[in-house]
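So that the names make sense, note that chain A is the first sequence line, chain B the second, and so on, each numbered from 1.
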There are 2 protein chains.
Amino acid sequence: MKNVTAEILTIGDEILFGQILDTNAQWMSAELDLLGIRVVRKTTVGDNEPDILHAFTEAESRADLVLITGGLGPTNDDLTMPSLAKYFGCKIVENASVLAHVKDFFEKRGRDFTEMNKRQALVPEIAEVIHNSLGTAPCTWYERNGKIFVSMPGVPHEMKNVMKEFIIPKVRTFFQTPVIYHKVIRTVGIGESFLADKIKDWENALPHHIRLAYLPSVGHVKLRLTAIGDDRSQLEKDVQQLIDAFIPLGGKYIYGYDETSLEEAVGQLLLAQKKTIALAESCSGGFIQHKITQIPGSSAYFQGGIVPYHNQFKIDVLGVKASTLEKHGAVSEECVKEMAERVREKFNSDIGVASSGIAGPGGGSEEKPVGTVWIAFADGKQTITKRLQLTQNRILNIELTEIAVLNLVRKSLNQ
Amino acid sequence: MKNVTAEILTIGDEILFGQILDTNAQWMSAELDLLGIRVVRKTTVGDNEPDILHAFTEAESRADLVLITGGLGPTNDDLTMPSLAKYFGCKIVENASVLAHVKDFFEKRGRDFTEMNKRQALVPEIAEVIHNSLGTAPCTWYERNGKIFVSMPGVPHEMKNVMKEFIIPKVRTFFQTPVIYHKVIRTVGIGESFLADKIKDWENALPHHIRLAYLPSVGHVKLRLTAIGDDRSQLEKDVQQLIDAFIPLGGKYIYGYDETSLEEAVGQLLLAQKKTIALAESCSGGFIQHKITQIPGSSAYFQGGIVPYHNQFKIDVLGVKASTLEKHGAVSEECVKEMAERVREKFNSDIGVASSGIAGPGGGSEEKPVGTVWIAFADGKQTITKRLQLTQNRILNIELTEIAVLNLVRKSLNQ
C-alpha cells in the first residue's frame, strides 16, 4: 500500500472568526491516524467562493483524500455545494432521494417544510450522495484521478455518524488500507515517565507490526497499541498477548480499556461486587458526585452524599465530632476518616469516601499550604486515608482530588 | 484605515494528527475580530521544514499579519525558528537577553539548566525578540514590505499572555487600527429569537458606529456591542447609553457583563445581600454545588448541601416526609418544595434550593417523561417552585437544570 495523505478543510466564517471552536478537525485527524492515513494539512476558509475554490486546488495538489466540513446550510451564505459543482465542472441538480429524506425528516418532527429547505436537495450532478440520517444536509463523495473529495455537514454528531457508518469503510476500500487494530490501556496513579521506566523492557521488545503511543492527560496516562497487518483476529491475539505481558508490570494502574472512563470503571466494579457508595465532599464541592452521576444507571450504586462546606455542618449534618475539628482542624487525617465513616452510616452504604482540603487560592498556611488535601475510604472493616499535595490552581485541585478519590475506591475494591 | 487581514498558522504534528485540540487558533481569531482585523485563513502544518516554508509563502501572499504558534521547543523536531531564519534569509544567533531569561527561569524553579535548554536562546538574527515571562520559548516579530510575522509559543497561557501584553498593542500601533470598544451583555432564561423580537426596535436604531452580535450557547445568549471610533471614553459613553436603553426591554434577563459567569453573578448577589445558600440536589447530582464552589471565595456564602439520590435519603438524611414521597413521588412540586425548605434548615442558611427530576436515559414514564425536572427556591418567607421539561440527553439535562436553578436564585434575589 502506498502512503495515503489527507487534508482536512473546514468551511465557515463562524470558525474563521473564532465564534465557535472547531472540534471536528481534531476528531477527523485522530480517526485518519487510526487508519494509517497521514494528515498533511488542516485548512479553514470563510464562506466565499474564491477562497473555497483556491483551497480545493491546493488540497488536491498535496493530498489523496480531502475531507470537507461545513457550508452546507440552505441559506445563501452556504457555498460548499456550488463551489464543488464549479470545481468539478458540473451542474447542480435536485436529488430525489435527498429531497424525500429532507421532507420525511421535517414531517417526522412536525415541522413545516419550506421552499428554503428544498434547497438542501441540490447537489452537484457528478456527486455520489451518502445518507445523513441525523440531519438534512447531504454528504457527497467525488472521485477524480485516484483522489477523493468528501463533503460532510459541520454539525459534529452528524459528521461523526456519517464518518463512522459510511466514509471510513469507503475510504478503506478505496485506498486498500491495511487492517489496523487499536487497543487503549488506561492507567491512573502513575506519571508518564515512571510508567515508561517500569515497562521499558516490554516496550523495547514490541514486535515491528505493533507500535505504542503515550497519551497523557490530567491525572491519567493512556497507552495506545496499534497493530498493522492483514488478519484482524491475529492482530487481536497479538495485542492481547502484549497486554497479558503488561499486566505483571503495570497492571495495578490499569482502570480500563478503550473508551472506559475512571468513573465508569469504578461504577462497573461497584455493580459487579453489588456494593453501594456515599460521599462526603468538602474541598471537591460536589464534583466527584457529579462525575459519578453523569454515568447512566449510576443510581444502582450511588446512594447520595453530603457537601459539608463549613466546619459546623461537618458536625451538625454529617456527625463528625466537634473535638476532632478543634484538635486537628478540618483538613486532617482524623477529620476525613470520620467524614468517610459517618457518610457511610448516614446513607447506609457499603462504602463511604471523603475529601477535605485547601483548594485555594486563599486559605493556605505554612503547615497546610494551598493544595493540601486529605482523602479517605471506609468500608466498615477498615478506613484508608491518604494525604495529597496538589497545585496552586483551584480548578485543577478539584479535578485531581476527584481522580485520587475514584482511584482510591478502585484500588480498595480491587484488593 | 485599510482593511487589515490575518492568517493564523499552527505548527505541530500533535495538532495535525489530532492528539491535541487547537484552542489557540479560536482564541486568536476572536481577539483579532475584536480589533477589526479580518482572519482570512487558518492553517495547520506538521513539524517539517518544506511544509512550514510553503505555508509561510502562502500566508504572506494573502494576509498582512501572520500569527504563528508552536514548534518552538528545544528539540530537533521543533523547526519554527530555523524555518523563519531561512524564510527571511538570515542567520540564527544566540540572543543574550533570552539566554539570561531562560537561565533565570530554570534557577528560580530549582531545575537544572542543560545544553538542550540553551538552544531556546537561538533566534533569527533579524527578529525583534519579545519577552515571554511565563515560559522559556521566546516570542519573535518580523516586518517586511508592510507585513508582519509573529511567532509565539504554543502553550496556551503563554501565548495568551504575550498576545495581550505585547502583540495586540504592537499590532494596533503598526496597522493604526481604530479604537474599538466592546461590551458583552450576558442574558439567561430567554431564547435568541424571543430576545431578538423584544429588542428589535432598539437593534434597528443602533448608530452606524456600533454593531451587535448574538452569541448563543447552552441556556444563555450573550449580546456583544462593538463600537468603532477614535475616542475611547466617547465610545464607552455611547455604549452605556445603549445599555441604559436596553434595560427596560430585556434587563430582567441580564445576569452580568463581559466575563462574569452565572455562578459568579449569583455569588456576587449573595455576597452583596450578605446571604448564605444550601442545596439539595437529586437529578443534578452535585453539579450545581460544583459550579458554585469552582468560584474562589464561595465559602463566604455557600454553606453546603446534600445529594439524596435515593428516595430513602430524601427522608432519612434530608427530612422530607415519607407521606409526600408516597403520595406525589420524588419528581413532584411537593417533594422539591420540602427538599428546599429542609436543606435550608439543616444548613442554617438564608436560602435553600432543590432539584429533583428524571435526567435519563432511563426512568421516564408517560406522566413524567425523561427531562421532567422540578426545582425550588425557599427563603423562609416563601417557596417558589418551577417545572422544567428538558431534553432526552442526560448530560444536557444536568447542565440545563443547573442553569435554571441558578437563574431562579438570581431572579428571586433581584425581586
Original post:
Which atoms form the tightest heavy-atom contact between B:Arg394 and A:Ser298, and what is the distance?
Top reply: NH2-OG, 3.5 Å

Original post:
Does any heavy atom of chain B fall under 4.5 Å from the side chain of A:Val317, the backbone, both, or neither of them?
Top reply: side chain

Original post:
Under a 4.5 Å heavy-atom cutoff, which of B:Gly297, B:Gly363, B:Ser299, B:Pro361 has the most pairs with chain A?
Top reply: B:Ser299

Subject >> Contact leader toward chain B among A:Gly360, A:Gly305, A:Ala213, A:Gly46, where contacts are heavy-atom pairs under 4.5 Å >> reply: A:Gly305

Original post:
So which of B:Lys291, B:Met28, B:Arg38, B:His290 has the largest heavy-atom pair count under 4.5 angstrom toward chain A?
Top reply: B:His290

**OP:** Ignoring hydrogens and angles, tell me if any N or O in the side chain of A:Lys42 forms a donor-acceptor pair with the backbone of B:Lys42 under 3.5 Å.
**Re:** no

Original post:
Can you tell which of B:Glu281, B:Gln303, B:Glu31, B:Glu7 has the highest number of heavy-atom pairs within less than 4.5 Å of chain A?
Top reply: B:Gln303

Subject >> Pick from B:Gln312, B:Lys346, B:Gln289 with the largest number of heavy-atom pairs that fall under 4.5 Å of chain A >> reply: B:Gln289

**OP:** Identify which part of A:Glu58 has an atom lying under 4.5 Å from any heavy atom of chain B, answering side chain, backbone, both or neither.
**Re:** side chain

Original post:
Where on A:Arg41 is there a heavy atom nearer than 4.5 Å to chain B: the side chain, the backbone, both, or neither?
Top reply: both

Original post:
For A:Ile295, is it the side chain, the backbone, both or neither that has a heavy atom under 4.5 Å from a heavy atom of chain B?
Top reply: backbone

**OP:** Check each atom of A:Leu16 against the heavy atoms of chain B and say whether the ones under 4.5 Å are side chain, backbone, both or neither.
**Re:** both

**OP:** Count the heavy-atom pairs under 4.5 Å between each of A:Leu21, A:Ile15, A:Thr43, A:Asn48 and chain B, then report the option with the highest count.
**Re:** A:Leu21

Original post:
If you count heavy-atom pairs under 4.5 Å between each of B:Gly285, B:Gly362, B:Gly286 and chain A, which one has the most?
Top reply: B:Gly285

Subject >> Nearest-0.5 Å distance that lies between atom CD1 in B:Ile292 and atom OH in A:Tyr309 >> reply: 10.0 Å

Subject >> pair A:Phe302-B:Val307: side-chain heavy atoms closer than 4.5 Å >> reply: yes

Subject >> Gap separating the CG atom of A:Asp22 from the OG1 atom of B:Thr23, nearest 0.5 angstrom >> reply: 12.0 Å

Original post:
Is the side chain of A:Arg62 donor-acceptor paired with the backbone N or O of B:Asp51 at a distance under 3.5 Å, no angle test?
Top reply: no

Subject >> side chain to side chain contact (heavy atoms under 4.5 Å, CB included) against A:Lys160, all qualifying residues, sequence neighbours excluded >> reply: A:Trp27

Original post:
Say you draw a straight line from OG of B:Ser217 to CD of A:Gln19; how long is it, rounded to the nearest 0.5 Å?
Top reply: 13.0 Å

Original post:
Relative to chain B, which segment of A:Ile306 carries a heavy atom at a distance below 4.5 Å: side chain, backbone, both, or neither?
Top reply: both

Original post:
So, do B:Val40 and A:Val45 sit near enough that their side-chain heavy atoms are less than 4.5 Å apart?
Top reply: no

**OP:** Fit a plane to each ring of B:Phe313 and A:Phe347, take the angle between them on a 0 to 90° scale, and name the class: parallel (under 30°), tilted (30 to 60°) or perpendicular (over 60°).
**Re:** tilted

**OP:** Taking all non-hydrogen atoms of both residues into account, name the closest pair between A:Gln26 and B:Ile20 and its distance.
**Re:** NE2-C, 3.4 Å

**OP:** Between chain A and each of B:Gly304, B:Ala25, B:Ser29, B:Pro308, count heavy-atom pairs under 4.5 Å; write down the option with the most.
**Re:** B:Ser29

